[in-house]
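To keep things clear, I will list the structure first and then write my remarks on it.
This structure is a prediction, so every number in the text was calculated from the model and none was measured.
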Amino acid sequence: MFLNQELRLGKFSIKYFEILLIFLVLVFAFGIRAHNFKYETVFGFDSYWHGRLISYIMEDGWLPDNDPLAFYAQGGTPFPQAGPSYVFWFIGALMFKLMFFFSAYSPEKMLLVMKIAPALFGSLVILVMYFLVRTLVNKESAFIVSFLLAASPAYAYRTMGGFFEEDSLGFLWYALGLLFLALSIKGLTEKGRMERREWVNAILAGVSFGVMAWTWKLFYFIDMTVLPFILGGFIFLVILSLKNRVEKNLSLYLVLASVVFVGIVGLKLFFNLKIPGNFILILLFLFALTAGALFLYTLYLTFKNKLNIAKGFLMIGVIAMVVFSVIAFTGLKTEIFKEPVRLAQNYVEEISGKKETKIPDRGEVLSLSVGEEKKGKAFFGRKFNYQTIFSWLSLILLFVYTFYFYRKHFVLGEEVNKKDVFILLFVVVFVVAWYMALTKLKFTYVYGFGLGFAAIAFLYFFFRFKEVFFKDVFWKYVFAVVVMFVVFTSVGCAALYMEKNPPTLESLSQWKEAISWIEENVGEDEALFNWWDQGHWITFFTNRKVSADNTNSKFEADQDYAKFLLGEDLEKSYSLVKEKYGASYVLLGSDLFGKLDTLRLYAANSIKHEIVKKEYPKEYFSFIPLTVNCSFNVKGEKNTFYNCGGVILSVGEYSSLTDKWNNKQIKETEVRSGTAVYKLPLVFYKDVGTRIKILSFNANQTTLAKLWFESEESNKYFEKIFENNRVKIFRVK
């Protein structure tokens, strides 16, 4: 039969039937990610920023020194002239040229590239992962893992099917590096020595990791996963060498792969960061890797009784230096240890009596208000469903395997499969990814990738233990049912998740309408005063200047917009917009009323209550429902009233409401927030249909309220020229 025939490429062979199955998995993977094609826009905010940067590269061949559109009052945002993301941007530009036959750039064409690229990159990652699992476990496990990665909601939605970001391409280089590493280790364990093919794969592994560092700022994921594997793998193989001969070239090979990777990263850092100290750190890290390899090789010789024990103890100092150097390099370059270092510095300042009160870094304010900075554990059920069972099963089987390995190797003296060493990496990858996802919501997509490694570890352990635990055919059927259940529920959950999470601009169609108006009515030389949430949308679609965007690279602009909204003196607010920013238009969104208390933190540039209270003593009680529907109620012949979200208004009170700013429509009302009950003066405004808007008295005094509800005073400074039920645009007079 034709499908049973093989395709041979050198020593590699694969049946046509397997090729067909791989193709079907990739079609499924691309298909579920192509769900976003039905929308006019794309997922996320930063996707638009990457698309706009690619336009500069296409038109000028490189990025300008400063962003000409964002943070214009602060001189623009300096663009990186080298470093992570450049590979992604140039590949994006190449895709655009190839897809549209080298035609001129346009946002509409770029949107299509931004839809196809993440789906394509994600499918390629799954293809590489298939061959990785096939190399180290078997074909059956490779199909299961590929299918799970194709259907993981968090993995598909966040980057592999929606977000046009360097993340979507970064995983490809990581998976390729692991595949080449696996091929080299497999060849070494089978041949017992390093030959040309193994050396080539080792070098390709290092190069792949290096290219990842040029593509993705999260390249320290390599440090956190591959380096522990390299050190742990050395120790594992040294232990095995007590009973079995281990090829010493393995240590040389691992050092080579690491040095190639670190060398490329080091060159990037050296050219990116101009001070000599960075170059010294790179040399220190390379030296630390070499010293670590020498230590482990010395340990190997000590166990072989070719060195005395004293030299072994002497090398303990060397390994201490290795650990210190790795932490120093990783901590300084990727800021993984920034928080512990900061806490230690604070402690030293306190005990030395040199503690000073400082306004916290802007990152604390942003972290508190940006949703992706939240803890990720609350979203696991929605994003991972039953797939996360593989994590628990893998950890359980790892615990069982530890005793299995100890008994088989040390008690029975039997040979242990050297390929087991690579499973250490799979365990490290999903544990690190798991921890990252628990600490931050934005890293849940990393765990979506890590779930594939959890599945690999589980399947590997299963096939290693099946002769022990699954002699009865009944348990084989149980295993098959569990796997199929997880697989099929994953598919359903992925489809449902993608359907319920459309691109943000599709959910907020009023902003699409406002952006179209800006493109048609705002001059190219005019600027906008806006909150950062909509910055990337406006610059991508309209090519107009904005005071702030989602990079938040100039916190002063965020702070000024917050001060503008919270200010009660309209003349001062007008002066800020007119004189400091020279803006022609002010953009307001109705969602800003719900952010007033958060905006206090931006205005004060602090999350500490005492600092915020001192700068902005008023609270705005954003927990009050802003817009509610009212229903007419009748109790008896004369007792009629309107129930507006639990707030009771008489017929007279309801009829007197207007949609213009005033301080008259006030009613003392009890409001609940959790278990607390507040009695607050609330201000009511008429809205569309039977809806009303409710503000606290303090919120009603702000520039935001006076401008939104068009107070007579605000009309002296601003003119409303666009409005829908979510967005208003005012011309600055």
Side-chain angles (χ1 to χ4, degrees), residues 69-74 76 508 510-539 541-550 552 554-596 598-600 602-603 620 626 659-661 685 693 695 699-733:
L69 297 182
F71 298 97
Y72 61 87
Q74 285 77 33
L508 304 177
Q510 297 90 343
W511 274 106
K512 288 174 67 176
E513 182 185 353
I515 290 169
S516 296
W517 186 93
I518 292 170
E519 185 179 18
E520 295 172 3
N521 295 278
V522 175
E524 293 185 3
D525 58 339
E526 295 180 306
L528 302 162
F529 190 61
N530 64 290
W531 187 230
W532 59 263
D533 278 7
Q534 294 80 37
H536 287 336
W537 295 341
I538 296 168
T539 53
F541 286 106
T542 71
N543 210 38
R544 302 300 189 267
K545 291 189 293 186
V546 295
S547 62
D549 70 9
N550 309 64
N552 289 302
K554 303 281 187 176
F555 191 76
E556 181 184 357
D558 298 345
Q559 189 176 23
D560 284 343
Y561 192 82
K563 289 179 177 179
F564 168 80
L565 295 177
L566 299 181
E568 297 184 7
D569 188 328
L570 276 168
E571 187 174 353
K572 288 184 178 179
S573 297
Y574 172 77
S575 177
L576 175 67
V577 176
K578 187 73 174 179
E579 296 177 9
K580 182 173 181 179
Y581 282 84
S584 302
Y585 300 91
V586 172
L587 273 66
L588 297 181
S590 59
D591 60 316
L592 291 169
F593 285 101
K595 298 176 179 178
L596 283 174
T598 301
L599 290 168
R600 293 170 71 216
Y602 277 86
Y620 302 100
L626 175 63
D659 60 357
K660 300 302 180 184
W661 186 88
Y685 289 97
K693 290 187 182 295
L695 277 68
N700 194 53
Q701 311 309 309
T702 62
T703 293
L704 172 60
K706 292 175 182 177
L707 198 53
W708 185 271
F709 295 110
E710 302 171 55
S711 71
E712 290 185 9
E713 186 184 6
S714 71
N715 291 331
K716 299 176 184 177
Y717 308 107
F718 306 96
E719 176 190 3
K720 185 184 72 176
I721 53 177
F722 174 85
E723 175 184 15
N724 57 36
N725 63 356
R726 190 179 184 94
V727 184
K728 291 188 179 183
I729 301 177
F730 296 85
R731 184 176 63 83
V732 182
K733 293 183 178 180

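Residues passing the side-chain hydrogen bond (donor to acceptor under 3.5 Å, both in side chains) test with Gln510, sequence neighbours excluded: Asn725. Applying the ring pair (Phe, Tyr, Trp, His ring centres under 6.0 Å) rule to Phe718 yields the partners Tyr574; only residues at least two apart in sequence or on another chain are considered. Qualifying side chain to side chain contact (heavy atoms under 4.5 Å, CB included) partners for Ala73, counting only residues two or more places apart in sequence or in other chains: Tyr581. With sequence neighbours excluded, the residues forming a side-chain hydrogen bond (donor to acceptor under 3.5 Å, both in side chains) with Asn700 are Trp661, Asn663, Tyr685, listed by chain and number. Evaluation of the side-chain hydrogen bond (donor to acceptor under 3.5 Å, both in side chains) rule for Trp511 yields no partner, not counting sequence neighbours. Every residue two or more places apart in sequence or in another chain that forms a side-chain hydrogen bond (donor to acceptor under 3.5 Å, both in side chains) with Asn724 is listed here: Glu513. Take Tyr72 and apply the ring pair (Phe, Tyr, Trp, His ring centres under 6.0 Å) test, not counting sequence neighbours, and it matches no residue. Under the salt bridge (Lys or Arg N to Asp or Glu O under 4.0 Å) criterion, Lys720 pairs with Glu710, Glu723, not counting sequence neighbours. In this view, Glu719 and Arg731 satisfy the salt bridge (Lys or Arg N to Asp or Glu O under 4.0 Å) rule, not counting sequence neighbours. For Ala70, the side chain to side chain contact (heavy atoms under 4.5 Å, CB included) partners at least two apart in sequence or on another chain are Asp67, Val546, Asp549.
With values rounded to the nearest 0.5 angstrom, Glu526 atom CD is found 4.0 Å from Tyr585 atom OH. Rounded to the nearest 0.5 Å, atoms CG (Leu69) and NZ (Lys545) are 8.5 Å apart. To the nearest 0.5 Å, atom CG of residue Leu566 and atom CD of residue Gln701 are 12.5 Å apart. Atom-to-atom distance recorded for Phe541:CZ and Thr539:OG1 is 10.0 Å, nearest 0.5 angstrom. Atom OG of Ser584 is separated from atom CZ of Phe730 by 15.5 Å, given to the nearest 0.5 angstrom.
Between Val727 and Ala514, the shortest heavy-atom contact is CG1-CB, 3.8 Å. Counting all heavy atoms, side chain and backbone alike, Leu508 lies closest to Trp537 at CD1-CH2, 4.2 Å. Contact detail for Ala603 and Ala562: the closest heavy-atom pair is N-CB, 3.8 Å.
Side chain of Asn530 to backbone of Ala548: a donor-acceptor contact under 3.5 angstrom is found. Judged by distance alone, with hydrogens and angles left aside, the side-chain atoms of Thr703 form a donor-acceptor pair with the main-chain N or O of Gly567 at under 3.5 Å. Checked by atom type and distance alone, the side chain of Arg544 pairs as donor or acceptor with a backbone atom of Thr542 at under 3.5 Å.
No side-chain heavy atom of Trp517 sits under 4.5 Å from any side-chain heavy atom of Glu519. When side chains are defined from C-beta on, Phe564 counts as touching Val577, because their heavy atoms get closer than 4.5 Å. Using a 4.5 Å heavy-atom cutoff, the side chains of Ile729 and Ile518 are in contact. Put simply, the side chain of Ile538 reaches to within 4.5 Å of the side chain of Leu528, judged on heavy atoms. For the pair Ser714/Leu570, a side-chain contact is recorded, criterion being any heavy-atom separation below 4.5 Å from C-beta on. Side-chain contact check for Trp708 versus Asp659: every heavy-atom pair is 4.5 Å or farther apart.
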Could you go through the ring pair (Phe, Tyr, Trp, His ring centres under 6.0 Å) check for Tyr602 and Phe555 one step at a time? CA-CA 9 Å; Tyr602 277 86; Phe555 191 76; 5.7 Å; yes

Evaluate the side-chain contact (heavy atoms from CB on, under 4.5 Å) criterion for residues Thr702 and Tyr620: first the C-alpha distance (whole Å), next the side-chain angles of each, then the deciding distance (0.1 Å), finally the verdict. CA-CA 10 Å; Thr702 62; Tyr620 302 100; 3.6 Å; yes

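Between Tyr561 and Phe529, the ring-plane angle classifies as tilted under the 30° and 60° cut-offs.
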Contacts table for residues 588-596: side-chain donor-acceptor under 3.5 angstrom, sequence neighbours left out:
{"unit_1": "Asp591", "atom_1": "OD2", "unit_2": "Lys595", "atom_2": "NZ", "d": "3.1"}
{"unit_1": "Lys595", "atom_1": "NZ", "unit_2": "Asp533", "atom_2": "OD2", "d": "2.7"}

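Applying the salt bridge (Lys or Arg N to Asp or Glu O under 4.0 Å) test to pairs two or more places apart or on separate chains, those with a residue in residues 568-581 are Glu556-Lys580, Asp560-Lys580, Glu568-Lys618.
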